[in-house]
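As structure tokens, the structure follows; a few thoughts come after it.
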Amino acid sequence: MCQRLACKVTSKDVYELTPFRIIARGVSRALESLGVQVEERTVEFIVSESPNPAYGDYGVPLARFARSHSVGFEELASRTIRALSSEPVVESVKTVHGFLNIRVNAAVAARALVEAYRCEGEGFGMVKSERPLRIVVEHTSANPVHPLHIGHARNACLGDTLARLLKARGHSVETRFYVNDMGRQIAVMVYGFILAGLEDVPSNVKPDHYIGLVYAITHTLADIEQLKRLLERLKAEGRDEEYRERLRELDSLVADASRLRERNPELFDRIAEAIKGRNPEEDIQELMRKYEYRLDSSVVRLFQRLVSRCLEGFRKTLRELGVSVDKWDWESRLVWEGVVGEILEKARLSPYAVTYKDALALNLQPLLSDPSLREKLGVPQGYEVPPLILQRSDGTTLYTTRDIAYSIVKFAETGAQKVINVIAAEQRLEQLQVRLALIALGYMDYGLNMLHYAYEMVNLPGRKMSGRRGRYVTLDELLAQARSLAREEVEKRSPQLPDSVKDEVAKAVGTAAVRYSLVSVAAPKPLTFNVKDALNYEQNSAPYVLYAHARASSILAKARERGIELDWSGIGYDEAARNPLRRALVLHVLNYPYVFVKAADEYKPELLVAYLNRLADLFNKWYTSGDSVVNEPNPAARNFKLALVNVVKQVLANTLSILGVKPLERM
RNA sequence: GGGCCCGUAGCUCAGCCAGGAUAGAGCGCUGGCCUCCUAAGCCAGUGGUCGGGGGUUCAAAUCCCCCCGGGCCCGCCA
């Protein structure tokens with residue numbers, strides 16, 4: 001492999017050869033020569049594939065520019081054609097009803113691809129940013145009170161994929177998990193352990209699963225207790241209608257409770273017995289105070305022990321998913337080390353400070369009267385932000401207050417220029433409040449450079465999930481199911497493989513199927529996760545792409561076996577256009593650097609998924625067309641095909657890796 | 001009541017931000033293809049009032065307005 005500096009052709013050069021860039025430059029220059037300034041990006045965005053191969057490969061509605069800039073279409077077209085004709089990668093240019101179409105010279109494209117591949121090897125196609133940034137990606141950050149489920153999985157896969165993608169783009173990325181150990185939910189979970197008389201999770205169970213059960217039992221029993229008190233009061237006050245309504249609520253809670261009891265009757269009864277005659281609400285508040293103010297060292301130790309145990313479970317699950325986290329930030333640290341106190345102090349002195357409902361709050365609404373700030377933050381016209389309460393009357397802080405402190409830490413501790421928070425869309429208001437609060441407190445840059453990467457919920461058909469009630473399908477179960485289905489497939493399709501390989505393939509394929517389907521849908525869209533569909537190993541799935549990769553590997557292995565060497569200096573590039581299947585494949589690979597850059601710069605991993613589907617599709621079509629590689633007698637043609645397989649394999653492998661999927665040599 | 005997101009083929013989704021050429025995939029369904037580098041594959045067929053209505057435009061799935069349906073948010077919860 002030659003040195004990067006010695007490269008004659010790089011992926012960046014390939015990027016500039018893609019139809020999008022070529023056409024954008026040509027049109028932009030032609031317009032410029034007519035005295036009109038149009039940004040290349042404006043043109044680039046509307047380049048599209050030609051609907052009919054007779055028109056060409058890619059085209060752009062040129063008439064629109066002629067009209068909107070009052071220049072003659074014929075004049076503009078002829079200048080654009082002149083500009084594009086001098087580009088070797090452009091084979092021909094023509095206009096068809098208002099569109100300008102180009103046909104790509106596949107041989108020139110293929111040469112560029114192969115030369116860039118030879119120079120960059122594994123780094124092929126992953127064009128480095130000219131402005132590398134320090135970026136923090138916070139993701140997953142599940143409350144440590146129950147196991148990770150499918151919704152957390154979407155978060156983890158998006159976060160991990162973004163991190164890998166941005167790293168590949170040349171940024172320096174750190175991933176962080178916000179350990180929420182100070183919320184009310186944690187206190188409920190700890191309360192359950194106290195009621196059960198347990199100091200730790202039994203050693204024979206996965207800790208997050210056990211903790212999830214204790215949490216659900218405790219939450220449900222506490223809610224029942226609370227509701228019973230309310231019912232008594234309603235009855236006494238003769239509010240019959242309300243009473244009946246609440247009674248139905250109680251019924252449903254009792255049904256949840258009995259389902260929970262089935263999972264561990266002994267544990268359930270112990271907690272139920274202990275909670276009798278207590279006031280759970282008061283007990284839980286007391287625990288929260290004891291923890292936040294560190295009033296009772298045994299309580300503090302219990303909180304920390306149980307949260308740590310839950311995190312152990314998370315780590316195990318995430319490892320199985322192929323997700324890693326660089327730093328685990330405990331919320332409590334922010335309070336105990338005084339970062340939160342500083343925020344409160346700053347807030348008190350701030351001109352935005354108000355007293356709202358007798359509590360310290362920030363009135364953020366005035367910030368929104370600045371239209372440019374509004375625009376930068378993407379706040380809609382009539383949107384009003386309610387005052388943000390920072391401190392309860394008992395002096396304890398709130399989640400959002402601590403999140404403000406955390407946001408500052410994420411920037412300040414790392415020197416990051418950008419922080420991306422992968423957080424559920426339902427937290428939109430909270431995330432906006434945090435950004436506004438940062439600005440109000442004098443951290444303008446932080447407020448503007450923090451991105452809420454919002455994703456919608458994952459629906460499981462026919463189920464309603466609830467952590468508090470213990471109704472969820474754990475990610476562990478889902479992965480196990482995916483792998484077991486994959487294992488059946490391997491058994492069916494490749495019985496000849498040794499067991500150890502079958503296991504490895506099944507594990508990789510099952511995990512890949514889950515990851516792939518979770519990032520395939522754009523984040524702001526709700527995703528319906530149908531276990532069967534995700535594990536339906538056909539087109540549009542990880543196994544389909546993995547299979548294409550395995551086939552490419554198989555060709556190269558077969559070539560090696562037969563002693564066929566690739567002579568890089570004897571490649572017949574003209575072979576690229578010899579049949580439409582080869583040509584289509586070359587043209588699609590040519591687009592890779594462009595798609596990669598777009599996916600990274602616009603934070604759209606789903607573009608990579610769509611690209612991979614198409615690449616695997618084109619490769620499989622070519623593969624099955626009978627245009628054999630190893631049986632090709634003509635050396636120039638054989639060298640071309642071998643080189644193409646190498647490049648395709650590399651692109652498949654790189655992109656799968658960005659998606660956190662391990663490419664397989666066989667399956 | 002106010003705000004945000006989503007609505008495209010029976011199902012799951014691209015395309016919408018940056019308006020243009022007969023609206024694309026996959027699954028499903030029907031029918032084919034293993035003496036040939038892995039059939040987790042390939043080929044052919046089937047399927048759409050782009051939620052509805054109005055407007056802007058030479059041109060609207062895409063932009064604007066109204067309405068309908070689904071989800072979410074508007075806590076001294078997280």
Side-chain angles (χ1 to χ4, degrees), chain A residues 39 41-46 48-52 55 59-61 63-64 67 96-99 101 143 145 180 182-186 356-361 379-386 389-394 396-400 402-403 424-430 454 456-457 459 461 486 489-490 492-494 509 517 520-522 524-530 532-534 536-541 543-544 546-548 550-559 561-562 602 606-607 609-610 613-614 616-617 620-621 623-632 641 645 666-667:
Chain A
E39 285 213 25
R41 279 173 64 84
T42 311
V43 186
E44 203 178 303
F45 286 140
I46 56 174
S48 60
E49 277 181 60
S50 304
N52 184 336
Y55 302 162
V60 68
R64 139 204 300 219
R67 191 183 299 270
V96 186
H97 35 258
F99 276 72
N101 291 274
N143 287 329
V145 290
N180 192 311
M182 215 160 235
R184 192 193 159 71
Q185 300 176 46
I186 314 303
Y356 180 71
K357 296 187 186 173
D358 293 330
L360 171 64
V379 182
Q381 281 299 322
Y383 200 68
E384 292 196 10
V385 177
I389 292 177
L390 296 174
Q391 198 170 27
R392 295 192 185 93
S393 3
D394 71 352
T396 57
T397 51
L398 287 119
Y399 169 77
T400 310
R402 301 186 293 261
D403 203 11
E426 64 188 6
Q427 291 206 45
R428 274 210 163 99
L429 173 61
E430 189 270 350
E456 274 297 339
M457 288 292 119
N459 307 305
E489 286 302 307
V490 185
K492 208 181 329 176
R493 320 220 179 230
S494 313
V509 168
S517 62
S520 67
V521 177
K525 300 227 186 196
L527 185 155
T528 302
F529 191 86
N530 191 320
K532 268 190 200 141
D533 281 357
N536 185 1
Y537 299 150
E538 300 187 27
Q539 266 205 52
N540 264 340
S541 73
Y544 180 73
L546 283 168
Y547 187 63
R551 276 180 153 175
S553 305
S554 174
I555 293 171
L556 300 178
K558 182 67 85 180
E561 194 184 303
R562 299 215 189 150
E602 297 179 14
E606 69 272 17
L607 297 182
V609 173
N613 282 327
R614 178 95 181 269
D617 181 29
N620 277 327
K621 281 180 167 69
Y623 180 96
T624 51
S625 70
D627 192 15
S628 178
V629 177
V630 296
N631 295 325
E632 170 63 58
K641 291 182 188 178
V645 171
R666 53 182 169 168
M667 59 188 281

Query raised in the report: Hey, does A:Gln427 reach any base, or is it just sugar-phosphate, or nothing, if we go heavy atoms under 4.0 Å?
Result: base

Requested in this report: Counting heavy atoms from C-beta on, name the nucleotide in B:C74, B:A18, B:A21 closest to the side chain of A:Glu602.
Outcome: B:A18

Query raised in the report: Contact class for A:Val490 (heavy atom, under 4.0 Å): base, sugar-phosphate, or nothing?
Result: base

Query raised in the report: When the distance from OH of A:Tyr623 to C1' of B:C34 is rounded to whole Å, what number comes out?
Result: 11 Å

Query raised in the report: Is any side-chain N or O of A:Asn101 under 3.5 Å from a base N or O of B:A21, one able to act as donor and the other as acceptor?
Result: yes

Query - Residue whose nearest RNA chain B nucleotide is more 5′ - A:Pro524 or A:Arg67 - result: A:Pro524

Requested in this report: Looking at every strand, decide which applies to A:Arg666 at a 4.0 Å heavy-atom threshold: base, sugar-phosphate, or nothing.
Outcome: base

Report task. Using the C1' atom on both, measure B:G51 against B:G70 and round to a whole Å. Result -> 11 Å

Query - Separation of the P atoms in B:G55 and B:G71, to the nearest angstrom - result: 32 Å

Query - Among B:C36, B:G20, B:A78, the nucleotide that comes nearest once only the side chain of A:Glu430 is considered - result: B:A78

Query raised in the report: Hey, does the side chain of A:Ser541 come within less than 4.0 Å of B:G26's phosphate (OP1/OP2), counting only N and O?
Result: no

Query - Span that lies between the P atom of B:C17 and that of B:A60, in whole angstrom - result: 14 Å

Report summary line: From the candidates B:A40, B:A39, B:A21, the one with an atom nearest any side-chain atom of A:Arg551 is B:A39

Query raised in the report: Is B:C68 in the syn range, within 90° of 0, or in the anti range?
Result: anti

Query raised in the report: When you check the phosphate oxygens OP1 and OP2 of B:A14, does a side-chain N or O of A:Lys525 lie under 4.0 Å from one of them?
Result: yes

Query raised in the report: Looking at the side chain of A:Glu456, which of B:G71, B:A21, B:C76 is the nearest nucleotide?
Result: B:G71

Query - Closest-nucleotide ordering on RNA chain B, the 5'-leading residue of A:Thr624 and A:Lys357 - result: A:Thr624

Query raised in the report: B:A39, B:A78, B:C76: which one has an atom nearest the side-chain heavy atoms of A:Tyr547?
Result: B:A39

Report summary line: Here the distance between atom P of B:A39 and atom OH of A:Tyr544, to the nearest Å, is 13 Å

Query raised in the report: Where each pair must be Watson-Crick or G-U wobble with both distances under 3.5 Å, what dot-bracket representation of RNA chain B is obtained, with crossing pairs in [ ] and other-strand partners as |?
Result: (((((((..((((......[...))))((((((.......))))))....(((((..]....))))))))))))....

Query raised in the report: Would you find a donor on one side and an acceptor on the other, under 3.5 Å apart, between the side chain of A:Arg428 and the backbone of A:Ala454?
Result: no

Query raised in the report: Base, sugar-phosphate, or nothing for A:Glu632, non-hydrogen atoms under 4.0 angstrom?
Result: nothing

Requested in this report: Looking only at side-chain atoms of A:Ala522, point me to the closest of B:G41, B:A78, B:A14.
Outcome: B:A14

Report task. Assign A:Leu546 to base, sugar-phosphate, or nothing according to its heavy-atom contacts below 4.0 angstrom with the strands shown. Result -> nothing

Query raised in the report: Per the atom types in the model, does the base of B:C36 pair as donor or acceptor with the side chain of A:Ser628 at under 3.5 Å?
Result: no

Report summary line: Against the side chain of A:Tyr399, the closest entry in B:A40, B:C6, B:A78 is B:A78

Query raised in the report: How far, in whole Å, is B:A61 from B:G24 if one measures between their P atoms?
Result: 13 Å

Query raised in the report: Across the strands shown, which category fits A:Lys621 at heavy-atom distances under 4.0 angstrom: base, sugar-phosphate, nothing?
Result: sugar-phosphate

Report summary line: Side-chain atoms of A:His97 come closest, of B:A21, B:C36, B:C76, to B:A21

Query raised in the report: If only side-chain N and O atoms of A:Arg392 are considered, is one of them under 4.0 Å from the OP1 or OP2 phosphate oxygen of B:C77?
Result: yes

Report task. Using a heavy-atom cut-off of under 4.0 Å over every strand shown, decide if A:Asn52 touches base, sugar-phosphate, or nothing. Result -> base

**Report entry** Separation of B:U62 P from A:Ile46 CD1 (nearest whole Å)
**Finding:** 18 Å

Query raised in the report: Quantified in whole Å, what is the C1' atom distance between nucleotide B:C76 and nucleotide B:C67?
Result: 39 Å

Query raised in the report: Between B:C4 atom P and A:Arg428 atom CZ, what is the distance in whole Å?
Result: 10 Å

Query raised in the report: In terms of side-chain heavy atoms of A:Ile555, which of B:A21, B:G41, B:C37 is nearest?
Result: B:C37

Report task. Check every atom of B:C77, B:G20, B:C6 against the side chain of A:Arg64 and return the nucleotide holding the closest atom. Result -> B:G20

Requested in this report: Scan A:Val521 against the nucleic acid and name what it touches under 4.0 Å (heavy atoms): base, sugar-phosphate only, or nothing.
Outcome: sugar-phosphate

